[in-house]
Amino acid sequence: MANSAELTVDGKSYSFPTLEGTEHEKAFDISSLRDQTGYVTLDRGYKNTGATKSAITFLDGEEGILQYRGYAIEDLAAKASFLEVAYLLIYGELPTKEQYAVFETAIRRHTLVNEDMRKIFDGFPVKAHPMGVLSSLVSAMSAFYSDIEGSSEEDKTDLHIIRLLAKLPTIATWSYKRSLGHPMNYPKNQLDYIPNFLNMMFSLPVEDYKIDPVVVEALNVLLILHADHEQNCSTSTVRLVGSSQANIYSSISAGISALWGPLHGGANQEVIEMLEAIRADGGDVSKYVDMAKNAKTTGFRLFGFGHRVYKNFDPRAKIIKKAADDVLSKLGVNDPVLEIAKGLEEAALHDDYFISRKLYPNVDFYSGIIYRALGIPTNMFTVMFAIGRLPGWIAQWKEMREQKEPIGRPRQIYTGATLREFTPLSKR
Ligand code: CMC
C-alpha cells in the first residue's frame, strides 16, 4: 500500500500522499495542503522544497553522487565530449553517430552572430564585467532571433537551442575582447567547439593562436562538470522565468544573472582573488581559516567551500583537484596559489568548525586554478561556468515546458503592518 503522511492541525487530521523518485528519494506531496488546511509551508532558501519532478540530473549530497540522465559524472568527464553531454542532457539519450553529426554540424553553422548585435558591444563601458555583458546580449538574442516563420513549435525550440549553444561562446569571447580593447574575432567554422572558442579568445590580427590539445581536453572536462546540477539557484531561476512562458533567451539571460552572484558561480572568481590575497599577505592560511570561523563578525567566508547539498564531498571537486595537478604539470605551469589552495583545504578539513558544518571544497575551489593555467583571465571564470551550464539550463527549460508546469508563484507569510487608515499628504 502506498505510504501517506498524516498531519494534525487545529485538532483535525489530514492525509497527504508520499512519493518516491527512481533513486529512492522520498517526498510528501503537499499540492493540496492549502486547499485542505488553509496553511502554507515556510521554507526559506527552499532547503526542503522539491520544486518539480525532473528526469535530467540526479545527485545525492550525502554520498557525493552526481549523474546526468543516469550516467556517472566520472564516466562522462573521462569519456565524453562536451557536445555529446549537451545532447544527452537536452534530448535524454546519448546521440548515435548520425544524431551527433547532425547536432554538431548545426552548431558549427550557427556560430556567427548578427552584425547588429556586434554594435551593441560598443555601448558598454570597456571595463564592464563580461558576465553583465553576457546576460544582456543573451537577452538581446530574443530581439534578433525570436521569429522563425512557418516552423512548428518543436522545430523552433530546436533551432533556438542550436543558436544558443553556437553563439554563446562567440558572445562570451567578444565580451572579453571588448574589455581588453582588442578587436573581436569571428568564429572559424572549420574548428571544433572548444578550439573555436579558444581561437576567438586568444588569437589576434597580429598573431595566430596555437591550439594546445592539453588545453582543449582540460576545458572539455571542466565544461562537462559544470553542465547541469539539478535545481540550483540559476537553474531554478531559468525554470521560474520560463514558467511565465517567457522565451528561452530571456529565461537563460536571467539564469546567467543568477549565476554571477558570489555565492553561486561567481565564487570561482572570488576563490582566486582570495588565494591571491592570502599569498600577498604572506601565505598564512591559518589566519584566513580563523577569519572564516568568525564569519559572523569578520563577514569573511572561505570561497569555494561549502555547498547546499553536498555534505560529504563534491564529486566535481574531486575530479577537478586531480585535473589541476595533471594540467599544471602537463603545461609546465607552477602556480604558487595551487600550494596555498592545498594548504587551505588541509587546514580547513582538520578544523572542527568545518568538520561539524560539513564544509568541503566545492567545484569552484580548484577550477579557477585550471582556468588560470589555461590562460583564461579571472573576470572570465564565471563566463566559463555559464558556457558549461548552458546545456543544463536548456534541458531544464525544455523539460519544464514539455511537462506543462504551472507558473511558479511561491506564497509568503506576511509580517507587515495590518490594515490602517490613510492620512492625506497635507495632514502628514
Ligand atoms: N566559510 C565559512 N563558513 C561557512 C561557509 C564558508 N564558505 N559556508 C558555510 N559556512 C557556515 C555558515 O556560516 C553557517 O554557520 P552557522 O551554522 O554557524 O551559522 C553554516 O556553515 C551553514 O551555512 P549556510 O550558509 O547556512 O549554508 P547554505 O547551504 O545556505 O550555503 C553556500 C551554501 C554554498 C552558499 C555556502 O556554503 C557559501 O557561502 N560558500 C561560499 C561560496 C561558494 O563557494 N559558493 C559556490 C557553491 S558551488 C558552485 C555552485 O553550484 O554555485
Side-chain angles (χ1 to χ4, degrees), residues 43-49 56-57 59-62 64-66 68 73 131 222-238 255-275 277-278 285-321 341 344-371 378 381-393 396:
D43 185 22
R44 278 160 39 106
Y46 309 125
K47 292 190 178 190
N48 307 280
T49 296
I56 302 171
T57 289
L59 75 80
D60 179 332
E62 277 68 34
I65 294 172
L66 175 61
Y68 299 159
I73 191 67
M131 278 299 274
L222 283 170
L223 295 181
I224 290 174
L225 294 179
H226 286 89
D228 195 46
H229 213 232
E230 51 118 298
Q231 308 309 317
N232 56 82
C233 176
S234 57
T235 302
S236 299
T237 302
V238 170
I256 294 172
S257 300
L259 185 75
W260 191 5
L263 297 189
H264 192 8
N268 57 14
Q269 174 170 347
E270 301 283 342
V271 169
I272 285 288
E273 286 168 2
M274 172 185 80
L275 295 174
I278 298 175
V285 293
S286 60
K287 177 173 161 190
Y288 287 82
V289 168
D290 286 344
M291 270 163 66
K293 285 162 67 174
N294 295 306
K296 292 204 172 60
T297 44
T298 59
F300 174 79
R301 278 190 170 204
L302 279 191
F303 281 97
F305 259 79
H307 199 277
R308 171 60 62 78
V309 288
Y310 291 122
K311 300 298 176 197
N312 186 346
F313 66 94
D314 179 338
R316 302 167 301 172
K318 216 170 165 180
I319 299 171
I320 290 186
K321 183 178 178 187
L344 195 60
E345 176 182 353
E346 200 53 24
L349 292 184
H350 288 97
D351 192 293
D352 263 357
Y353 174 94
F354 291 87
I355 296 169
S356 63
R357 288 169 181 75
K358 301 185 163 66
L359 301 171
Y360 298 88
N362 59 48
V363 68
D364 288 327
F365 194 61
Y366 286 102
S367 64
I369 293 175
I370 304 185
Y371 289 138
T378 314
F381 288 1
T382 316
V383 172
M384 298 309 300
F385 194 151
I387 295 173
R389 184 55 54 87
L390 180 64
W393 288 329
Q396 301 272 351

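Counting convention: from 1, in listed order, for ligands and their atoms alike. No experiment lies behind these values; they were computed from the predicted model shown.
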- Before giving the answer on ring-ring contact (aromatic ring centres under 6.0 Å, His included), spell out for F385 and H229 the whole-Å C-alpha distance, their side-chain angles and the decisive distance to 0.1 Å. CA-CA 12 Å; F385 194 151; H229 213 232; 8.9 Å; no

- Message: Could you identify the single nearest non-hydrogen protein atom to atom 29 (O) of ligand 1 and state the distance to 0.1 Å?
- Response: R308 NE, 2.8 Å

- Message: My question is simple, although I want it checked carefully: is atom 19 (O) of ligand 1 less than 4.0 angstrom from any protein heavy atom?
- Response: yes

- Query: Does ligand 1 have any atom that is closer than 4.0 Å to a heavy atom of G304?
  - Reply: yes

- Message: Checking a contact table here: which protein heavy atom is nearest atom 1 (N) of ligand 1, and how many Å away?
- Response: L302 N, 3.1 Å

- Message: Can you tell me if K47 contacts ligand 1 (heavy atom of the residue under 4.0 Å from the ligand)?
- Response: yes

- Task: Starting from atom 41 (C) of ligand 1, locate the nearest protein heavy atom and write down its residue, its atom name and how far away it is, to 0.1 Å.
- Result: F305 O, 3.4 Å

- Query: Short question: side chain of Y310, backbone of N362 - any donor-acceptor pair under 3.5 Å?
  - Reply: no

- Which bit of V363 gets closer than 4.0 Å to ligand 1, counting heavy atoms only: side chain, backbone, both or neither? side chain

- Query: Do Q396 and V238 come close enough that some side-chain heavy atom pair is under 4.5 Å?
  - Reply: no

- Message: Among all the protein's non-hydrogen atoms, which is closest to atom 12 (C) of ligand 1, and how far away is it?
- Response: R301 NH2, 3.4 Å

- Here the atoms of ligand 1 under 4.0 Å from any heavy atom belonging to F303 are 42 (C), 44 (O)

- Message: If only side-chain N and O atoms count, and only distance matters, is there a donor-acceptor pair under 3.5 Å linking Y46 with Q231?
- Response: no

- Message: Checking the N or O distance criterion of under 3.5 Å, is ligand 1 in contact with L263?
- Response: yes

- Query: Looking at A267, which atoms of ligand 1 are within less than 4.0 Å of one of its heavy atoms?
  - Reply: 43 (C), 44 (O), 45 (N), 46 (C)

- Query: Is the closest basic N to carboxylate O distance between R301 and E270 below 4.0 Å?
  - Reply: no

- Query: Do any nitrogen or oxygen atoms of K296 lie less than 3.5 angstrom from nitrogen or oxygen atoms of ligand 1?
  - Reply: yes

- Item | Residue pair F354, K293: steps toward the side chain to side chain contact (heavy atoms under 4.5 Å, CB included) verdict | CA-CA 8 Å; F354 291 87; K293 285 162 67 174; 4.1 Å; yes

- Hey, what's the ring geometry for Y288 with F300, parallel, tilted or perpendicular (30° and 60° as the breaks)? perpendicular

- Distance from atom 5 (C) of ligand 1 to nearest protein heavy atom, with residue and atom: L359 CD1, 4.0 Å

- Query: How far is atom 52 (O) of ligand 1 from its nearest protein heavy atom, and which residue and atom is that?
  - Reply: H264 ND1, 2.5 Å

- Message: Return the NE2 to CZ distance between H226 and R389, rounded to the nearest 0.5 Å.
- Response: 7.0 Å

- Query: Does atom 22 (C) of ligand 1 have any protein heavy atom closer than 4.0 Å?
  - Reply: no

- Message: Quiz question: by atom type and distance under 3.5 Å, do the side chains of N268 and S367 form a donor-acceptor pair?
- Response: no

- Item | Cation over ring face, R357 and Y353, 6.0 Å, 45° | yes

- Measure the distance from atom 11 (C) of ligand 1 to every protein heavy atom, then report the residue, atom name and distance (to 0.1 Å) of the closest one. Y353 OH, 3.4 Å

- Contact between G265 and ligand 1, counting heavy atoms under 4.0 Å? yes

- Side chains of D43 and N48: do they bring a donor and an acceptor to under 3.5 Å? yes

- Task: List the closest protein heavy-atom neighbour of atom 15 (O) of ligand 1: residue, atom name, distance to the nearest 0.1 Å.
- Result: R357 NE, 3.2 Å

